[in-house]
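As structure tokens, the structure follows; a few thoughts come after it.
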Number of protein chains: 2
Amino acid sequence: SARLEDVSKDYALGRTQVSALRGVSLAVEPGEFVAVAGPSGSGKSTLLNLVGCLDHPSAGRVVVDGRDVAALDDDALSDLRAQKIGFIFQSFNLIPVLSALENVEFPLLFRGLPRAQSRARAERALDEVGLGDVARHRPDELSGGQRQRVAIARALVTAPVLVLADEPTANLDSKTGEAILDLMLDLNRKQGTTFIFSTHDPKVLVHAQRVLRLADGRLEAAS
Amino acid sequence: SARLEDVSKDYALGRTQVSALRGVSLAVEPGEFVAVAGPSGSGKSTLLNLVGCLDHPSAGRVVVDGRDVAALDDDALSDLRAQKIGFIFQSFNLIPVLSALENVEFPLLFRGLPRAQSRARAERALDEVGLGDVARHRPDELSGGQRQRVAIARALVTAPVLVLADEPTANLDSKTGEAILDLMLDLNRKQGTTFIFSTHDPKVLVHAQRVLRLADGRLEAAS
Ligand SMILES: Nc1ncnc2c1ncn2[C@@H]1O[C@H](COP(=O)(O)OP(=O)(O)OP(=O)(O)O)[C@@H](O)[C@H]1O
Ligand SMILES: Nc1ncnc2c1ncn2[C@@H]1O[C@H](COP(=O)(O)OP(=O)(O)OP(=O)(O)O)[C@@H](O)[C@H]1O
Ligand SMILES: [Mg+2]
Ligand SMILES: [Mg+2]
């Protein structure tokens with residue numbers, strides 16, 4: 001589960017300050033399928049980064065699985081992310097020198113899973129997102145939507161309890177996007193995986209149990 | 001205008017070959033507003049890269065403004081791109097150390113326009129895509145949709161005769177995406193700017209005069 005309590009995030013920019021999130025409070029229960037919608041620049045990626053412990057709030061508390069993440073040191077944070085959280089980045093963040101397969105294997109090897117098993121699981125994860133044929137390609141040898149799907153496979157391969165998906169279907173045609181969505185709905189129903197999406201895609205929004213709307217760094221009252 | 005005559009594109013991958021485009025023929029007249037649609041991995045970006053002279057075909061001819069681009073040397077190609085073509089990349093390709101404003105100014109300075117005029121035109125271009133407030137931010141200080149709009153402003157600021165737009169609304173919410181589309185339709189109607197889009201976005205497709213469909217590297221017969 002994940003909770004934000006009156007969270008604000010400011011970025012320093014030269015001598016000015018950008019207020020990206022302002023007094024945001026929300027609670028996501030285990031097993032939920034929640035979407036965060038809002039205009040470009042409204043703070044969606046910032047919100048996901050805070051829930052995923054990739055960044056610290058400027059004010060307020062971030063509580064993941066009952067623990068205030070401000071109380072955790074860097075090693076504990078790194079563990080929490082590796083063990084529990086799967087993050088699908090808006091700009092993918094793939095490792096350029098590794099193949100798609102090696103990119104997806106990486107988090108499993110990082111957790112100490114033996115090579116043979118990591119490879120088998122990574123191959124299966126790539127098949128599930130339709131990339132079985134291009135497993136040996138490096139990111140610069142893949143299309144935009146293929147890179148997006150490698151990022152998705154990598155986030156899901158560790159079977160995390162919480163998946164933070166930053167616009168996971170932005171670069172996908174509707175048929176491929178639907179298939180990815182079905183995969184995620186399936187994980188949510190069968191494994192109880194919690195999903196928090198940031199998305200503009202109406203197809204994702206219709207499947208969300210709850211849609212939180214951000215505008216200018218603030219959450220609008222639930223409708 | 002732009003023409004592809006029986007164009008194929010293969011990529012070498014280790015000892016195998018990936019056939020990204022196969023025998024594609026198409027002609028786009030000046031002033032057209034054409035969309036290329038198709039599943040992820042079907043060859044859209046590859047097609048746009050060939051029309052934009054960023055890459056060479058493996059077979060067939062690419063003819064831009066009546067000239068076979070295979071006959072042009074690197075300088076002539078670079079000139080053609082700088083003078084006539086605006087390219088909006090699927091992954092933006094912004095210069096990380098420059099601000100949004102400097103990124104948009106760059107093609108104008110490259111053409112020899114004096115600093116004061118380049119700056120004024122770049123500021124106006126950023127205003128037109130709603131980024132007036134964030135002109136001083138660098139790409140890593142911008143949201144995904146803001147980066148996409150910097151890439152759009154940069155492509156349009158030189159008033160090119162041909163704009164190649166690779167999924168220009170993928171990272172934009174529907175309202176921002178509509179505004180960008182209106183901007184482009186306006187340029188098309190008033191300046192006669194030719195647009196070739198690759199897109200999955202139904203909102204872009206409905207505005208296209210013609211939709212070319214790619215599947216597995218081949219163009220389907222026009223409907
Ligand atoms: N490192 C940074 N420094 C300064 N400002 C930043 C930084 N990162 C983000 N911002 C600003 O914070 C605001 C929120 O950004 P964020 O990436 O969360 O938006 P978003 O809702 O994800 O947008 P999009 O839909 O375009 O991806 C934006 O106005 C952006 O310019
Ligand atoms: N440098 C490369 N080396 C090998 N294969 C490549 C390379 N670049 C692209 N490909 C392959 O060529 C095919 C077409 O890629 P392209 O980027 O044109 O697709 P696309 O239609 O733009 O897809 P998307 O909608 O996902 O952006 C894909 O199968 C891709 O894996
Ligand atoms: Mg974002
Ligand atoms: Mg593409």
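Chain letters run A, B, ... following the sequence lines, proteins first and then strands; every chain starts at 1. Just so it is clear, the structure is predicted and the values come from calculations on it, not from any experiment.
Residue with the most contacts toward chain B among G43(A), P202(A), G177(A), G41(A): G41(A) (heavy-atom pairs, distance under 4.5 Å). The candidate with the highest count of non-hydrogen atom pairs below 4.5 Å against chain A, out of G145(B), S143(B), S40(B), G14(B), is S40(B). Ranked by heavy-atom pairs under 4.5 Å with chain B, the list T169(A), V18(A), D133(A), L172(A) is led by L172(A).
Of the atoms belonging to R147(A), it is side-chain heavy atoms, and not backbone ones, that fall under 4.5 Å from chain B. Proximity to chain B is limited to the side chain of E141(A), based on heavy atoms less than 4.5 angstrom apart. Neither the backbone nor the side chain of V134(A) comes within less than 4.5 Å of any heavy atom of chain B. Contact of E167(B) with chain A is made through the side chain alone, with heavy-atom distances under 4.5 Å.
For D140(A), the CG atom is densely surrounded, since the number of other residues' heavy atoms within 6.0 Å is greater than 12. Counting non-hydrogen atoms of other residues, nucleotides and ligands closer than 6.0 Å to CZ of R213(B) gives a total of 12 or fewer. Summarising the local packing, NZ of K175(A) is surrounded by 12 or fewer heavy atoms from other residues, nucleotides or ligands at distances under 6.0 Å.
Contact between N171(A) and A170(B) at its shortest, heavy atoms only, is OD1-CB, 4.3 Å.
To the nearest 0.5 Å, atoms CZ (R138(A)) and CG (L13(B)) are separated by 8.0 Å. Taking OG1 of T176(A) as the reference point, atom NE2 of H200(B) lies at 7.0 Å (rounded to 0.5 Å). Going from atom CG of D173(B) over to atom CG of D201(A) covers 12.5 Å, rounded to the nearest 0.5 Å.
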Contacts table for residues 91-107 of chain B: side-chain donor-acceptor under 3.5 angstrom, sequence neighbours left out:
unit_1  : atom_1 : unit_2  : atom_2 : d
S99(B)  : OG     : L101(B) : N      : 3.4
S99(B)  : OG     : E102(B) : N      : 3.1
S99(B)  : OG     : E102(B) : OE1    : 3.4
E102(B) : OE1    : S99(B)  : N      : 2.9
N103(B) : OD1    : I95(B)  : N      : 2.8
N103(B) : ND2    : I95(B)  : O      : 3.1
N103(B) : ND2    : L98(B)  : O      : 3.2
N103(B) : ND2    : S99(B)  : O      : 3.1
E105(B) : OE1    : R119(B) : NH2    : 2.9
E105(B) : OE2    : R115(B) : NE     : 3.2
E105(B) : OE2    : R119(B) : NE     : 3.4

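Sorted by first and then second residue, the side-chain hydrogen bond (donor to acceptor under 3.5 Å, both in side chains) pairs involving residues 41-52 of chain A (not counting sequence neighbours) are Y11(A)-T46(A), S45(A)-Q90(A), S45(A)-D166(A).
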